[in-house]
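Worksheet for the structure shown next.
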Amino acid sequence: MKKTIRDFELENKKVLIRVDFNVPMKDGVITDDTRIKESLPTIEYALEQHAKVILLSHLGRVKEEKDLEKNTLRPVAKYLSNLLNRNVIFVHKTRGEELEEAINSLQNGEVLLIENTRYEDLEGKCESKNDLELGKYWASLGDLYINDAFGTAHREHASNVGIASNLPSGIGFLIEKELKYLTPVVENPDRPFVVLLGGSKVSDKIGVINHLVELADYLLIGGGMAFTFLKSQGLEVGNSIVDEENLEYCKNLLKEYPDKIILPIDVVTGFSKEKANRTCFITDIKEDEIGFDIGPQTTKLFQQYLDLAKTIVWNGPVGVFEEKDYQHGTEELCRIISEKDALKIIGGGDSASAVKQFQYDKQMTHISTGGGASLEFLEGKTLPGIDCIEDQ
Ligand code: ADP
Ligand code: MG
C-alpha cells in the first residue's frame, strides 16, 4: 500500500501536487474540464488542511519555440480559480527567482500553479527524460510531494519520479481511487471475470490480451481487431482492418484458448466510414466490404457472457463509434453493461469517451481517467509514477 495525502500533516507545509491538467484546448479555451474537476478533491483537501499548495502539470508537447505559448497553463489557472472560488497564483516559469519568490511568499491556504512542466523539454527534454537535476530542483521548492496525475503515471518524468526520489511522498485521491478499482482486477478479480476488448489494432492491445487472457474467464473481442483473429481462421474479411504481422499470434492464441476467446458472428459492413451497407454473418463478407461494427447477433452472444459476470472490464469500442452508422454495437454494449449488477470497469481514452457520449457513465463502477496508464496497468505492469511513492 502506498502512502496517501491523508498520511501527512499538511498544515503550514509547502505541498507539491502533481496533477493532470493536460486538458483539450481550442484557441486558448478549455473544451473538456474533466481532468481539472477530477483533481479538485486532492487540492481542496490540502487547502482545508491549511497547506501551501503548489501545483505542477504538463500540457501537450513542447518540441519547439512555437509550442510554448500554445501550451501555456495560464487559461487553466484562470479556470481553476473559478472552480475553487479563490485566487490561483500563476507563475509563467518552471524555475528561477520569480518562481522561488512566489513560492516563498505563499500563505497557508493559497494555491500556486507552475507553468507547464514540459517547457523544460525545449532544451534537452529535461522533464520527459527525468533529468535528475530538474527533479531535485523542483523537490527543493516544497516540503512534501503528492502525485495525483494518473494519466502520466506510466511515464518516468522529472515531475513525478524525479521529485518523488527527493521528498517524502504520497498519492492523491484520484490515484487512490484508480488503484482501488484497478488493482483487484489484475490481481484477484471476482469471478466470473469477463473482458471485452475492441479498438482498431491488435498490436495496440497485445500486452493487455496477454495479461488478461490468463486471468479472465472469457475474452470477448470486437472492433477492428476482431478481423485479424477472424482472418487467422481463414475467413474472408474484405477490406476490414487487419494486422498482417499479428495473424500468427492470433491463430496461436485461438488454438491455446478456444473456449475462452469469443469472436463476432456478424458485422455491419460498408465501403467507407460515411455510410453503412448491410449487416451480414462473418462468413459472408465480400472482398470489397469493410467491417465497421459488430452486428446484433454478436451483441446478443456477448450479452450471454456478460450476464454471467461478476467483474467486467471493457477496453476498446467494438465499432467505429464516432460515426452514426457504426455506433450501434458500442452503444448497445454500454447499455447492457450499465444494467449489470457487477463490478464494471472502463479503461482506455476512446472507451471512456464512448461511455460518456452515450450517457452511461453514471452507471459504471469506475471509468479510468488514464488512457495509456490504465492500459499499462491492465497489462500487469508497474507504473513508475506510482512505484516511486513511499509505501505505508
Ligand atoms: P481505447 O482508447 O479505449 O483504448 P482504442 O484507441 O484502442 O480504444 O480504439 C478506438 C478506436 O478503434 C476508435 O477510434 C474506433 O473508431 C476504432 N475502431 C473500432 N472498431 C473499428 C473497426 N471495425 N475498424 C476500424 N476501426 C475501428
Ligand atoms: Mg484510443
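Bear in mind that the values here come from a model prediction, so they are computed numbers and not experimental data. Whatever order the structure lists them in is the order used to number ligands and atoms, beginning at 1.
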**OP:** Show the numbers, then the answer: is there a salt bridge (charged side-chain N to carboxylate O under 4.0 Å, His left out) between R95 and E120?
**Re:** CA-CA 9 Å; R95 62 169 95 199; E120 292 286 344; 2.7 Å; yes
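Looking at every heavy atom in both residues, E110 comes nearest to S105 through OE1-O, 4.2 Å.
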Report every pair formed by an N or O atom of ligand 1 and a protein N or O atom separated by less than 3.5 Å, giving atom names and the distance to 0.1 Å.
{"residue": "ligand 1", "atom": "2 (O)", "partner": "G349", "partner atom": "N", "Å": "3.3"}
{"residue": "ligand 1", "atom": "2 (O)", "partner": "D350", "partner atom": "N", "Å": "2.8"}
{"residue": "ligand 1", "atom": "2 (O)", "partner": "D350", "partner atom": "OD2", "Å": "2.9"}
{"residue": "ligand 1", "atom": "3 (O)", "partner": "D350", "partner atom": "N", "Å": "3.3"}
{"residue": "ligand 1", "atom": "3 (O)", "partner": "S351", "partner atom": "N", "Å": "2.8"}
{"residue": "ligand 1", "atom": "3 (O)", "partner": "S351", "partner atom": "OG", "Å": "2.4"}
{"residue": "ligand 1", "atom": "4 (O)", "partner": "K205", "partner atom": "NZ", "Å": "3.3"}
{"residue": "ligand 1", "atom": "4 (O)", "partner": "N315", "partner atom": "ND2", "Å": "3.1"}
{"residue": "ligand 1", "atom": "6 (O)", "partner": "D350", "partner atom": "OD2", "Å": "2.9"}
{"residue": "ligand 1", "atom": "7 (O)", "partner": "K205", "partner atom": "NZ", "Å": "2.5"}
{"residue": "ligand 1", "atom": "12 (O)", "partner": "S200", "partner atom": "N", "Å": "3.2"}
{"residue": "ligand 1", "atom": "14 (O)", "partner": "E322", "partner atom": "OE2", "Å": "2.5"}
{"residue": "ligand 1", "atom": "16 (O)", "partner": "E322", "partner atom": "OE1", "Å": "2.7"}
{"residue": "ligand 1", "atom": "16 (O)", "partner": "E322", "partner atom": "OE2", "Å": "3.4"}
{"residue": "ligand 1", "atom": "20 (N)", "partner": "G224", "partner atom": "N", "Å": "3.2"}
{"residue": "ligand 1", "atom": "23 (N)", "partner": "G224", "partner atom": "N", "Å": "3.4"}
{"residue": "ligand 1", "atom": "23 (N)", "partner": "G291", "partner atom": "O", "Å": "3.1"}

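For the salt bridge (charged side-chain N to carboxylate O under 4.0 Å, His left out) test, residues two or more places apart in sequence or in another chain that qualify with E64 are K66. For K231, the side-chain hydrogen bond (donor to acceptor under 3.5 Å, both in side chains) criterion is met by E244, not counting sequence neighbours.
The ring of Y45 has its center closer than 6.0 angstrom to the ring center of F173.
Protein N/O/S atoms found under 2.8 Å from the Mg ion (ligand 2): D350 OD2.
Looking at R335 and E332, a side-chain N of the basic residue comes within less than 4.0 Å of a carboxylate O on the acidic one, giving a salt bridge. Using a cutoff of 4.0 Å between basic side-chain nitrogens and carboxylate oxygens, D361 and K356 are not scored as salt-bridged.
In terms of hydrophobic clustering, with Ile, Leu, Val, Met, Phe, Trp and Tyr side chains grouped at heavy-atom distances under 4.5 Å, I346 and Y305 are assigned to a common cluster.
The distance from atom CD1 of I54 to atom CD1 of I103, rounded to the nearest 0.5 Å, is 4.5 Å.
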